[in-house]
Trainee: 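Below is one structure. I have some questions about it.
In what follows, chains carry the letters A, B, and so on, assigned in the order in which the sequence lines appear, proteins first and then strands, with residues in each chain numbered from 1.
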Amino acid sequence: MIVQWNQQLHSKQLKLPRKRNINHGVPMHYGQSNNIMYWNFFFKERTKAMINEETLLILAKIIDDYNALPEPKYRNANLDVLKRDYELLMQMKEFLKGDIQYAHIINALSQTINKMTPRNDNGWRSVTERGINKAIPPVVRKKKQVNQFPFEWIDKKSGETCFINNGYWGARNYMVMDIIGYYLLLKEGKDLLPKEPAPIFSDMNSIAVRESNISGNNITSSNQSSMNDQDIKRVEQTRYWVQFDDREFRKSMSLDMSSNEIRDLLLETSRVEFKLVFPVRMWNGKKAKEQTYNMNLFSRLFEFGYVDRDTRSDGVVQSRQYYISFNTTLGELFAHNLLSKSYDWLDNRFYSLPYNAQVFYRRFLVHNDYMSIPLKVETIIEGLNLQDKNITNLTGTIETNILKPLIEQGLIDSYEKDTEGLYGLKFTIKRSKKENPKENHLAVTGDAGSVKEGCRVCKERMQGL
DNA sequence: ATGGGCTCCACTGTGCTGAT
DNA sequence: ATCAGCACAGTGGAGCCCAT
């Protein structure tokens with residue numbers, strides 16, 4: 001039936017009857033009538049009714065087929081079939097406009113098709129700073145359970161207690177740090193990534209001194225984030241700051257967020273306060289070595305403000321200019337690590353992965369290039385701050401929502417599940433060698449991606465920043 | 001015409017419960 | 001322990017609205 005329908009569509013005969021139907025079921029005495037008007041009327045009505053009937057049948061079949069797919073649908077559907085069905089539905093539009101069922105199936109199909117269609121790489125590469133990925137665990141909103149703030153945990157190596165206060169921390173917040181970190185690097189490098197490391201701190205002691213100094217001139221950063229000229233001047237006088245607008249931010253993350261959503265995300269990210277054991281890359285003569293700094297005081301990652309740029313006459317803000325200053329303890333450590341080349345690369349498709357897949361990659365994989373990585377389930381639970389008490393469901397979640405999407409995206413090759421190990425359930429992640437970064441548009445060398453030279457794409461991107 | 005914001009709602013990710 | 005089923009919140013596409 002569907003094939004016939006298709007043929008009709010392609011011959012643009014949607015509004016005309018199929019020939020074999022013309023006389024079908026027409027009583028003789030009608031046929032004898034010479035009343036052309038009557039014939040036309042009969043003809044049209046009948047055609048419309050029949051097409052409607054057939055349309056509804058096809059609609060029902062598509063809906064049935066779709067509902068029959070096991071979940072998650074995007075991993076069990078055939079993309080070509082979905083596309084064909086979607087095409088059919090689009091052609092039926094004029095007959096079914098306003099039909100609730102029709103609207104739902106269109107929405108469902110288009111979402112699943114979109115999810116199944118591989119992201120094309122728009123060429124955007126972002127850096128991701130190592131300290132953030134290593135030191136900050138995700139703290140997610142839980143429904144019934146009221147989160148205890150500050151969230152705290154013990155750092156294994158140092159035995160120090162770490163804290164996160166005043167908000168949650170998840171995949172989107174890590175993403176913000178990637179993007180603004182990249183902006184900072186490009187700004188410092190005059191539209192190119194800096195060629196030579198330019199550390200801010202020379203040793204642990206200089207950090208401690210700076211930390212106590214910064215805490216002295218705190219905290220004028222009010223909750224008022226909308227800025228006036230004076231506020232902007234104040235930001236521009238700080239040592240490390242960046243500015244950008246919605247358009248640039250959307251391009252960097254390859255996600256479609258409204259200006260309000262972007263502002264709220266930045267605002268929430270800037271308000272979270274940390275007291276951490278933070279990895280700091282120190283250049284000891286010629287060699288870079290990672291040490292950890294035990295923070296004495298709570299710090300935010302950056303100070304944030306914005307100016308409304310384009311406001312529609314009905315009050316809707318369509319574009320904002322954002323200002324970010326890294327003039328906090330953690331902000332300067334972040335800037336220090338970036339300028340000391342303690343970062344890794346991500347491409348824009350990364351931010352479309354399920355949240356936990358993103359966080360998993362950050363916590364366990366991005367900062368090394370081991371080809372085989374054994375991880376106990378307890379380690380994964382701890383690293384991702386997973387909540388599910390039901391171990392069966394939890395391991396299922398790890399496989400379907402984290403490891404399989406990572407394989408699909410090509411970030412890992414495979415994994416092995418070992419239930420009989422000495423230490424209980426264990427996953428072993430398998431990777432071939434890290435994708436050669438020289439294939440990227442940037443010429444990259446070294447473990448942390450020291451950039452030999454910038455490129456045209458980068459320059460173009462940074463215009464207007 | 002264009003394009004951002006808003007609403008609606010399907011789908012996913014996660015956690016919980018109860019049966020086996 | 002394992003599994004299915006349910007609940008619920010977060011995410012994002014379609015389509016509409018509205019201003020430019």
Trainee: Restricting both atoms to N or O, compile the protein contacts to nucleotides 16-19 of chain C shorter than 3.5 Å, with distance only.
Mentor:
residue, atom, partner, partner atom, Å
C/dA19, O3', A/S313, OG, 3.3

Trainee: Using the side-chain contact (heavy atoms from CB on, under 4.5 Å) criterion, which residues pair with A/T400? Sequence neighbours excluded.
Mentor: A/R75, A/K404
Trainee: Set out, in order, the CA-CA distance, both residues' side-chain angles and the distance that settles salt bridge (charged side-chain N to carboxylate O under 4.0 Å, His left out) for A/D80 and A/R84, then state yes or no.
Mentor: CA-CA 6 Å; A/D80 291 334; A/R84 189 199 63 193; over 6 Å; no
Trainee: Strictly below 4.0 Å: does A/T397 bring a side-chain N or O up to OP1 or OP2 of B/dG13?
Mentor: no
Trainee: What nucleotide, of B/dC6, B/dG15, B/dT12, holds the atom closest to the side chain of A/N260?
Mentor: B/dC6
Trainee: A/R320 or A/H104: which one's nearest nucleotide on DNA chain B is closer to the 5' end?
Mentor: A/R320
Trainee: Using a cut-off of strictly less than 4.0 Å, decide whether A/Y355 has a side-chain nitrogen or oxygen near OP1 or OP2 of B/dT12.
Mentor: no
Trainee: Between B/dG13 and A/Y74, is there an OP1 or OP2 to side-chain N/O distance shorter than 4.0 Å?
Mentor: yes
Trainee: Atom CZ of A/F360 to atom P of B/dG13: distance rounded to whole Å?
Mentor: 15 Å
Trainee: Any base atoms under 4.0 Å from A/S259, or only sugar-phosphate, or nothing? Heavy atoms, all strands.
Mentor: sugar-phosphate
Trainee: Against A/E382, only a single residue in A/K376, A/K156, A/R363 fulfils side-chain hydrogen bond (donor to acceptor under 3.5 Å, both in side chains); can you say which?
Mentor: A/K156
Trainee: Taking ring-ring contact (aromatic ring centres under 6.0 Å, His included) as the test, write out the residues that go with A/F350, two or more places apart.
Mentor: A/Y361
Trainee: Without decimals, in angstroms, what is the distance between A/E268 CD and C/dG10 P?
Mentor: 11 Å
Trainee: For A/I391 and B/dG15, give me the distance from atom CD1 to atom P, rounded to whole Å.
Mentor: 12 Å
Trainee: Are any of A/N107's side-chain N or O atoms less than 4.0 Å away from OP1 or OP2 of B/dC9?
Mentor: no
Trainee: Out of B/dG4, C/dA14, C/dG13, which has the shortest distance to the side chain of A/Y86?
Mentor: C/dA14
Trainee: Salt bridge or not between A/D178 and A/R362? Use side-chain N to carboxylate O under 4.0 Å.
Mentor: yes
Trainee: Does anything in residues 102-112 of chain A pair up under salt bridge (Lys or Arg N to Asp or Glu O under 4.0 Å), and if so which pairs, sequence neighbours excluded?
Mentor: none
Trainee: Return the set of residues passing side-chain contact (heavy atoms from CB on, under 4.5 Å) with A/I113 (not counting sequence neighbours), or none when no residue passes.
Mentor: A/L79, A/L82, A/K83, A/Y86, A/T117
Trainee: Would you call A/R320-A/D308 a salt bridge at under 4.0 Å N-O?
Mentor: yes
Trainee: Measure from CZ on A/R309 to P on C/dT20 and round the result to the nearest Å.
Mentor: 18 Å
Trainee: Taking NZ, NE, NH1 and NH2 as the nitrogens, is one of them in A/R130 or A/E290 under 4.0 Å from a carboxylate oxygen of the other?
Mentor: no
Trainee: I need the CD1-C1' distance between A/I113 and C/dG12, as an integer number of Å.
Mentor: 15 Å
Trainee: Taking all atoms of both residues into account, what is the closest heavy-atom pair of A/Y183 and A/S252, and its distance?
Mentor: OH-OG, 2.6 Å
Trainee: Using whole Å, report how far CD1 of A/I105 lies from P of C/dG13.
Mentor: 17 Å
Trainee: Starting from P on C/dT11, measure out to CG on A/N401 and report it in whole angstrom.
Mentor: 14 Å
Trainee: Can you check the A/E261 CD to C/dT11 C1' distance for me, whole Å?
Mentor: 10 Å
Trainee: Is there a side-chain polar atom (N or O) of A/T392 under 4.0 Å from OP1 or OP2 of C/dT2?
Mentor: yes
Trainee: Output one line per pair: protein atom, nucleotide atom from nucleotides 17-20 of chain B, and distance, for all N/O pairs under 3.5 Å.
Mentor:
residue, atom, partner, partner atom, Å
B/dT17, O4, A/N390, ND2, 3.2

Trainee: Quick one: is A/R172 getting a side-chain N or O under 4.0 Å of the C/dG12 phosphate, OP1 or OP2?
Mentor: yes
